[in-house]
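We're numbering straight along the sequence, starting at 1.
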Amino acid sequence: MRKLRTIEMNRLTLEEFKEAEKLSLIVVLDDVRSLYNVGSVFRSCDAFRVEAVYLCGITATPPNAEIHKTALGGEDSVDWEYFKTTEEAVEKLKQKGYFVYSIEQVEGSTKLQNLEESHKRIFGKEVGEKPSDSSLSALHSSLPKGYAVIFGNEVKGVKQNIVDMSDGCLEIPQFGTKHSLNVSVTAGIVVWEFAKLLKL
């Protein structure tokens, strides 16, 4: 095996990225304090052509040298919007017809490996499955326009009132002593699962 050179990786230009089809997923950062974590999330979102990142509360916004250090330009390619509160962001997502998940350890959470099964149970169809003509109007009214995933503060996690506003909660099963992952690591895992689910 031979490592690929950068020029062999078919990387999009910034202009091509902006025009390319996006994953129907919006990533929401709820009071994420570390600028390096914010940058890392942008970088993962660039990798999977996520639709947008919503930055809320104390979460820092570009342009910022510390964000850029880990984003490596992802903050320029991925669309983003700032909200004074996460509540405002969730309200906008609901108005847009998005299904909102908080990524948090809660009672009755959906384990991440069961995401596709859960989607089929909630909406009655697999992602991308074409409805019959007779059920088209009913299905159209029930399927979300897209998805949003909310990641919380490094210490406190997603706020309880934001969990309460969400349509569901996803949890990554863990088997060690901490039951805690860095928020940017969590984001990378979750976004990849949605990339597989939505089959970009």
Side-chain angles (χ1 to χ4, degrees), residues 12 17-18 20-64 66-68 70-106 109-110 112 115 118-119 127 144-154 156-159 162-163 165-172 181-200:
L12 300 180
F17 185 97
K18 292 292 188 184
E21 180 186 0
K22 304 298 189 298
L23 203 64
S24 299
L25 179 70
I26 293 178
V27 169
V28 182
L29 300 185
D30 174 27
D31 285 340
V32 172
R33 182 173 294 280
S34 165
L35 280 70
Y36 294 133
N37 283 337
V38 174
S40 293
V41 170
F42 268 108
R43 191 169 169 183
S44 293
C45 289
D46 172 273
F48 298 108
R49 294 211 311 260
V50 164
E51 181 180 333
V53 175
Y54 285 1
L55 307 167
C56 306
I58 66 168
T59 309
T61 63
N64 184 290
E66 288 184 45
I67 290 176
H68 180 74
T70 50
L72 298 180
E75 75 277 28
D76 298 320
S77 57
V78 179
D79 289 343
W80 61 270
E81 187 173 348
Y82 175 76
F83 295 84
K84 191 172 181 181
T85 69
T86 309
E87 290 86 344
E88 293 174 42
V90 174
E91 286 168 6
K92 179 172 181 176
L93 288 162
K94 298 269 191 170
Q95 290 168 5
K96 285 163 61 86
Y98 279 59
F99 192 90
V100 179
Y101 284 107
S102 283
I103 311 305
E104 191 54 87
Q105 296 163 324
V106 302
S109 64
T110 297
L112 188 58
L115 175 60
S118 173
H119 180 280
V127 176
K145 183 183 177 215
Y147 300 85
V149 285
I150 305 173
F151 300 93
N153 176 269
E154 291 88 339
K156 298 179 180 179
V158 178
K159 294 189 286 288
I162 300 302
V163 169
M165 292 177 72
S166 301
D167 297 305
C169 286
L170 294 173
E171 179 179 347
I172 299 171
L181 290 169
N182 176 278
V183 64
S184 67
V185 172
T186 301
I189 294 169
V190 171
V191 170
W192 167 238
E193 287 298 324
F194 273 91
K196 291 192 293 182
L197 177 74
L198 300 173
K199 301 175 179 66
L200 212 176

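- Under the 30°/60° scheme for interplanar angles, the aromatic rings of Phe83 and Tyr54 are found to be tilted.
- Taking each heavy atom of Ala20 and Arg49 in turn, the nearest pair found is CB-NE, 3.6 Å.
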For this session: Show the numbers, then the answer: is there a side-chain contact (heavy atoms from CB on, under 4.5 Å) between Phe151 and Val190?
Result: CA-CA 10 Å; Phe151 300 93; Val190 171; 3.9 Å; yes

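- When side chains are defined from C-beta on, Val38 does not count as touching Asn64, because their heavy atoms never get closer than 4.5 Å.
- A salt bridge links Glu193 with Lys196: at least one charged nitrogen is closer than 4.0 Å to a carboxylate oxygen.
- When all heavy atoms of Val163 and Ser102 are compared, the pair lying nearest together is CA-OG, 3.8 Å.
- For the atom pair OG1 of Thr186 and CG of Asn37, the computed distance is 9.5 Å after rounding to the nearest 0.5 Å.
- Among residue pairs with one or both ends in residues 70-86, those qualifying as salt bridge (charged side-chain N to carboxylate O under 4.0 Å, His left out) are Lys18-Asp79, Glu81-Lys92; sequence neighbours excluded.
- Counting heavy atoms from C-beta outward, Leu55 and Pro62 have side chains that approach closer than 4.5 Å.
- A pairwise comparison of heavy atoms in Ile150 and Ser166 identifies CD1-OG, 4.1 Å as the closest pair.
- One finds the CD atom of Glu171 at 14.0 Å from the OH atom of Tyr101 (value rounded to the nearest 0.5 Å).
- Phe194 CZ to Leu25 CG: the interatomic distance, rounded to the nearest 0.5 Å, is 6.0 Å.
- Within 6.0 Å of atom NZ in Lys96, more than 12 heavy atoms from other residues, nucleotides or ligands are found, so the atom counts as buried in its surroundings.
- Proximity of Lys159 to Asp31: side-chain heavy atoms (C-beta onward) are separated by under 4.5 Å at one or more points.
- Taking every heavy atom of both residues into account, Val32 and Gly152 meet most closely at CG2-O, 3.7 Å.
- The heavy-atom pair separating Glu154 from Ser34 by the smallest distance is OE2-N, 2.9 Å.
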